[in-house]
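These numbers come from the heavy atoms of this one structure, side chains and all, not from hydrogens, waters or symmetry mates. Read the numbers this way: they start at 1 and go in the same order the structure lists the ligands and their atoms.
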Amino acid sequence: MIIAIDGFSACGKSTLAKNLASKIGYGYIDTGAMYRCCTLIMISNGLSIFQELELKKQILQSKIDFKSINGENVTFLNNKNVEKEIRSVEVNRWVSEIAALSMVRKLMVEKQREMAKEGNYILDGRDIGTVVFPDAPLKLFVTASHEIRVERRWNELQQKGMEVDKTEIAKNLKKRDFIDSNREDSPLRQADDAILLDNSEMTREEQLDWVTERFKKVNA
Ligand code: DC
């Protein structure tokens, strides 16, 4: 069974998805991390957003996968742990533009379907319920207020030892929301059959209880 969790950046989708995956024993695929890896591939090869053919070649030659290390989901690019690099300011600056390229989306969607084809998986992203797995029996669309999302992203970066100005974060989130929601290919939107979760006022535990209840109903 597939559980699709979509929503805006920094609204706690990944935390919720990871917590639920470990509670119910499902695999977890962080599809945002895959677009972040593509962005890192562009940056580290000195490419620009306009060099699509070269970027495609480099992506096809790269290996993106996930491993669980001490209970943490870690992203690997060509067998190197890139968990920190893919969350950098530089990657944040470009990732929405890379994720808007149809060539990149096609490659990543194929990979996501392949990764999740056997077994039970939770995928979080922007287009899981609308494009990648439109038949998923449980779909959530997560949102939270802009202020709360800025605060959460700031905390996340602080914990990773990165000092970033809150105004910068706010600007970056607004820009990414705009690009993610207005791109031509698979724009971010709530699937008709997705359940809306506004978690602005909810703790992590409350969210986990809420989603576990929904999961039990679907699975009953
Ligand atoms: O969830 P995140 O912030 O790590 O996602 C990084 C970027 O990737 C974000 O700007 C939107 C894009 N993305 C996407 O277009 N489709 C997905 N399924 C997941 C992420």
task: Using a 4.0 Å heavy-atom threshold (strictly under), name the region of Met34 that reaches ligand 1: side chain, backbone, both or neither.
output: neither

query: For ligand 1, is any non-hydrogen atom under 4.0 Å from Arg176's backbone (N, CA, C, O), its side chain (CB onward), both, or neither?
result: side chain

More than 12 heavy atoms from other groups under 6.0 Å of CD on Gln61: yes

task: Taking the six-membered ring of Trp154 (Phe, Tyr or Trp), confirm whether the NZ or CZ of Arg152 is under 6.0 Å from its centre and within 45° of its axis.
output: no

- prompt: To the nearest 0.1 Å, how far is atom 10 (O) of ligand 1 from its closest protein heavy atom, and which atom is that?
  reply: Ser96 OG, 2.7 Å

- prompt: Any idea which protein heavy atom is nearest atom 16 (N) of ligand 1, and the distance to it?
  reply: Arg105 NH2, 3.0 Å

task: Please could you name the atoms of ligand 1 that Thr31 approaches to less than 4.0 Å, counting only its heavy atoms?
output: 17 (C), 18 (N), 19 (C)

- prompt: Should one rank Thr39, Val95, Val131, Ile86 by closest heavy-atom distance to atom 7 (C) of ligand 1, which comes out on top?
  reply: Val95

- line: Of Arg126, Arg36, Arg153, Lys175, the one whose closest heavy atom lies nearest atom 13 (N) of ligand 1 is Arg126

Would you say [X] has any N or O atom under 3.5 Å from an N or O of ligand 1, going by distance alone?
X	value
Asp124	no
Tyr35	no
Asp30	no

- prompt: Does Gln112 come within less than 4.0 angstrom of ligand 1, counting non-hydrogen atoms of the residue?
  reply: no

Within-shell test, Met108 vs ligand 1, heavy atom, strictly < 4.0 Å: no

message: Hydrophobic clusters here meaning ILVMFWY residues chained together by side-chain heavy-atom distances under 4.5 Å, can you tell me if Ile86 and Ile49 are in one?
response: yes

- line: Asp6 and Lys13 have their tightest heavy-atom pair at C-CD, 3.5 Å

statement: Note: Gln58 and Ser62 closest approach over all heavy atoms is O-OG, 2.6 Å

query: Say you draw a straight line from CD of Glu90 to CG of Asn92; how long is it, rounded to the nearest 0.5 Å?
result: 10.0 Å

query: How many angstroms lie between CZ in Phe133 and OH in Tyr121, if you round to the nearest 0.5 Å?
result: 10.0 Å

field: Name of the residue among Arg149, Arg153, Arg126 meeting side chain to side chain donor-acceptor pair (under 3.5 Å) with Ser9
entry: Arg126

